[in-house]
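Index from 1, following the sequence. Each ligand, and each atom within it, is numbered from 1 in the order the structure gives.
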Amino acid sequence: MTRLIYTGGLLTTVASLALAAPSIDDWTQRSIYQVLTDRFARPHNSPDAPCDPTRYCGGTWAGIIDQLDYIQDLGFTAISISPVVENIAETTSAGEAWHGHWPQDLYALNAHFGTAEELRALADELHRREMYLMVEVTLNNMAQAVAEEDASTIDYSRLHPFNEEGYYHPYCNMSDTTTTTSQTCWLADGPVALPDLRTEDARVSTTLQTWIQGLVSNYSVDGLRIAATDHMDPAFLSDFTRAAGVFTLGEVDSVDATTMCQYDEAVSGLLNYAVYKPITLAFAPGGDMPGLVNSLQTVIEKCENYTHLATFAENHDVPRFASIQNDTALAQNALAFTLLTDGIPLVYQSQETHPNTPNSPHWLQPPNPTLATLTKTLNHLRHHALLQDPGYPTNHSETLYLDGSTYITRKGTEGMQIVSAFSNRGDTTATATTTNNNNSSGESISSSSSSSSNYQVNVTRMYHPGTEVMEMLGCERHVSATGGVISVDFVAGAPKVFYPVKYLNGSGLCGF
Ligand SMILES: *[C@@H]1O[C@H](CO)[C@@H](O)[C@H](O)[C@H]1NC(C)=O
Ligand SMILES: *[C@@H]1O[C@H](CO)[C@@H](O)[C@H](O)[C@H]1NC(C)=O
Ligand SMILES: *[C@@H]1O[C@H](CO)[C@@H](O)[C@H](O)[C@H]1NC(C)=O
Ligand SMILES: *[C@@H]1O[C@H](CO)[C@@H](O)[C@H](O)[C@H]1NC(C)=O
Ligand SMILES: *[C@@H]1O[C@H](CO)[C@@H](O)[C@H](O)[C@H]1NC(C)=O
Ligand SMILES: *[C@@H]1O[C@H](CO)[C@@H](O)[C@H](O)[C@H]1NC(C)=O
Ligand SMILES: *[C@@H]1O[C@H](CO)[C@@H](O)[C@H](O)[C@H]1NC(C)=O
Ligand SMILES: *[C@@H]1O[C@H](CO)[C@@H](O)[C@H](O)[C@H]1NC(C)=O
Ligand SMILES: *[C@@H]1O[C@H](CO)[C@@H](O)[C@H](O)[C@H]1NC(C)=O
């Protein structure tokens with residue numbers, strides 16, 4: 001007991017010394033690019049030799065370093081990488097541990113991804129560029145290859161540091177979905193048993209706290225992404241977050257905001273799964289744009305602080321957007337929404353190339369100049385707006401116009417707001433989908449009623465009358481008329497983004 005109290009005191013002291021770690025506020029100003037280390041880049045731009053997607057494919061930390069110019073040029077200010085610790089070495093009938101979610105030794109690195117020096121070099125290279133490193137961690141369980149999901153054959157002595165059966169919950173099948181069961185039963189991965197750690201036990205909890213402090217400090221980690229957050233004890237997660245001393249982004253895979261937001265005090269921020277699904281439903285021909293706006297409002301009400309939520313339209317656990325909608329105009333809108341709505345933008349590797357590859361591998365695809373330019377412009381615009389307007393992250397998106405196919409919203413302090421106009425009509429003029437234009441918020445004057453992807457919406461109270469604004473994706477100037485009206489001309493269903501010319505100086509955008 002005395003030892004535990006002593007350890008707790010030591011942890012607090014170490015954490016409070018780690019003043020250099022970026023704060024939650026710092027993270028709310030970032031834009032994150034997520035990569036799976038094994039599938040993003042082989043070192044030294046080596047050619048994309050074909051590879052078996054169930055096996056290791058050769059991506060490494062050194063490979064990521066080689067791509068940092070590319071990522072930084074797109075305007076991202078942080079990267080998130082897949083788990084770094086040693087995983088099981090076996091080739092099972094479910095493949096190899098290339099994803100990093102089958103941990104075996106928390107104190108060794110996954111040699112497939114490189115050496116400790118290379119991981120430190122990645123952190124150093126990021127910091128030299130004033131970018132942050134986020135590392136994903138699996139805390140819920142360890143892993144071992146077994147015959148036919150038979151947990152009784154596990155050799156616990158091979159797991160480090162949790163090398164005894166007593167560190168784990170007794171085997172039970174996660175057949176029922178109550179919270180208790182999901183926190184104590186074992187996640188199943190077929191031929192790989194995932195012994196479920198008793199994170200609610202002090203000795204497991206303090207061991208993980210000591211470990212994460214070592215990992216964070218040895219590799220200069222700035223933030224952690226926590227897999228399977230809802231499978232663990234919330235009290236453990238908040239102690240873990242405090243001990244880690246860095247921003248923790250929790251994964252609660254639930255479309256229900258109430259379920260998701262239950263974990264918002266246990267971790268620093270959450271992946272915004274409650275808005276993810278509505279994004280895919282909204283940016284579809286005839287899709288549910290009001291549903292998207294409602295989902296934003298719901299998380300604002302249910303979660304403690306919406307600025308700590310990370311918005312995404314793709315990740316490694318969900319289908320690529322292009323596999324749902326092949327239309328590049330819809331992809332532009334989904335990406336623009338991700339970058340400009342409330343919260344922290346999180347873009348999955350290659351999303352800017354519009355890959356229609358639901359399965360691994362996901363090497364960088366041939367470039368899509370339209371999406372790359374949009375990503376770069378809007379990341380830089382958001383960054384510039386943050387410098388001009390410290391209130392930008394905490395000011396939440398306010399709807400200026402909404403109907404079945406169009407959502408126009410402002411974010412930022414009066415006078416310096418970014419106004420974003422999204423459309424779900426796609427870029428085909430031949431679409432037969434009927435859209436519902438009967439749901440405007442009452443602030444608009446009118447909108448054209450056809451389902452053409454070239455259309456106009458006149459929006460009132462966009463800016464003070466007489467304000468000169470720039471449409472940032474086309475670099476076209478407009479002046480707001482009486483009533484603050486600006487005509488938003490959608491062309492081929494692409495989004496439009498406005499910003500006052502007065503504040504563009506120094507942005508590097510549209511010739512400024
Ligand atoms: C929400 O989080 C932001 C960024 O960390 C912070 O500045 C703001 O004060 C928080 N708002 C509330 C209401 O706690
Ligand atoms: C666990 O439950 C799943 C779903 O009910 C079932 O398919 C699987 O066979 C079970 N595993 C064991 C070892 O009982
Ligand atoms: C961090 O480095 C220290 C000193 O070399 C070492 O004792 C510790 O095990 C390392 N921790 C991790 C998680 O790598
Ligand atoms: C997706 O769009 C591209 C380019 O517009 C086209 O070449 C491709 O065939 C489309 N794929 C599908 C599955 O529709
Ligand atoms: C956002 O800014 C607008 C304009 O300054 C202001 O009216 C609104 O109250 C702000 N909203 C929040 C949540 O800060
Ligand atoms: C608009 O909605 C109202 C009420 O839902 C309905 O009565 C009206 O017919 C609708 N108008 C059009 C043009 O769809
Ligand atoms: C109209 O807007 C309301 C409130 O935003 C929403 O609840 C409703 O689903 C919308 N209806 C349609 C047909 O889009
Ligand atoms: C928008 O306003 C302009 C200028 O008043 C007008 O010419 C145009 O018809 C309006 N567009 C729509 C869709 O109402
Ligand atoms: C824009 O910035 C330049 C220097 O970067 C400065 O000389 C100029 O006066 C600025 N213009 C405005 C309108 O602030």
Peer 1: Going by the order shown, which atoms of ligand 8 are within less than 4.0 Å of some heavy atom of Q456?
Peer 2: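 With Q456 as reference, the close atoms of ligand 8 come out as 1 (C), 8 (C), 10 (C), 11 (N), 12 (C), 13 (C).
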
Peer 1: Would one find more than 12 heavy atoms of other residues, nucleotides or ligands at under 6.0 Å from atom NE2 of H383?
Peer 2: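 It does not: H383 NE2 has 12 such atoms or fewer within range.
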
Peer 1: Near T413, which atoms of ligand 5 are under 4.0 Å from a heavy atom of that residue?
Peer 2: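 The list of qualifying atoms is 5 (O).
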
Peer 1: For R410, which part has a heavy atom under 4.0 Å from ligand 5: side chain, backbone, both, or neither?
Peer 2: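 Looking at R410 and ligand 5, just side chain atoms fall under 4.0 Å.
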
Peer 1: Report, one line per pair, each donor and acceptor closer than 3.5 Å where one atom sits in a side chain of residues 78-86; sequence neighbours left out.
Peer 2:
residue : atom : partner : partner atom : Å
S82     : OG   : T37     : N            : 2.9
S82     : OG   : T37     : OG1          : 3.4
E86     : OE2  : Q104    : NE2          : 3.3

Peer 1: Listed by chain and number, what are the side chain to side chain donor-acceptor pair (under 3.5 Å) partners of S487, not counting sequence neighbours?
Peer 2: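 Once residues adjacent in sequence are excluded, the partners of S487 under the side chain to side chain donor-acceptor pair (under 3.5 Å) criterion are N458.
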
Peer 1: Can you find a non-hydrogen atom of G412 under 4.0 Å from ligand 5?
Peer 2: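 Per 4.0 Å heavy-atom rule, G412 contacts ligand 5.
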
Peer 1: More than 12 heavy atoms of other residues, nucleotides or ligands under 6.0 Å from NE2 of H464: yes or no?
Peer 2: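 Check fails, neighbour count at 12 or below.
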
Peer 1: Do E398 and ligand 5 have an N or O pair less than 3.5 Å apart?
Peer 2: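 Between E398 and ligand 5, no N or O pair is found under 3.5 Å apart.
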
Peer 1: Short question: side chain of T341, backbone of F337 - any donor-acceptor pair under 3.5 Å?
Peer 2: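 Judged by distance alone, no pair lies under 3.5 Å.
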
Peer 1: Relative to each other, are the rings of Y455 and F490 parallel, tilted or perpendicular (30° and 60° limits)?
Peer 2: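 Parallel.
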
Peer 1: Only pairs at least two apart or in different chains count here, so list each side chain to side chain donor-acceptor pair (under 3.5 Å) that has a residue in residues 465-476.
Peer 2: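 Counting only pairs at least two positions apart or across chains, the side chain to side chain donor-acceptor pair (under 3.5 Å) contacts touching residues 465-476 are E468-R477.
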
Peer 1: Please name the residue in the list D233, N141, N140 that meets the side chain to side chain contact (heavy atoms under 4.5 Å, CB included) test with T199.
Peer 2: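 Per the side chain to side chain contact (heavy atoms under 4.5 Å, CB included) rule, the option paired with T199 is D233, out of D233, N141, N140.
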
Peer 1: For ligand 5, which atoms, with element, lie under 4.0 Å from some heavy atom of E414?
Peer 2: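 Within the 4.0 Å cut-off of E414, ligand 5 contributes 4 (C), 5 (O).
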
Peer 1: Please confirm whether K411 approaches ligand 5 to less than 4.0 Å, judged on its heavy atoms.
Peer 2: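 Checking ligand 5 against K411, which is what was asked, there is no heavy-atom contact under 4.0 Å.
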
Peer 1: Under 4.0 Å between a Lys/Arg side-chain N and an Asp/Glu carboxylate O for R461 and E414?
Peer 2: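 Result for this pair is no, no salt bridge flagged.
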
Peer 1: Who are the residue neighbours of ligand 3 when the rule is a heavy atom under 4.0 Å from any of its atoms?
Peer 2: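 Near ligand 3, by chain and number: Y107, W211, G214, L215, N218.
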
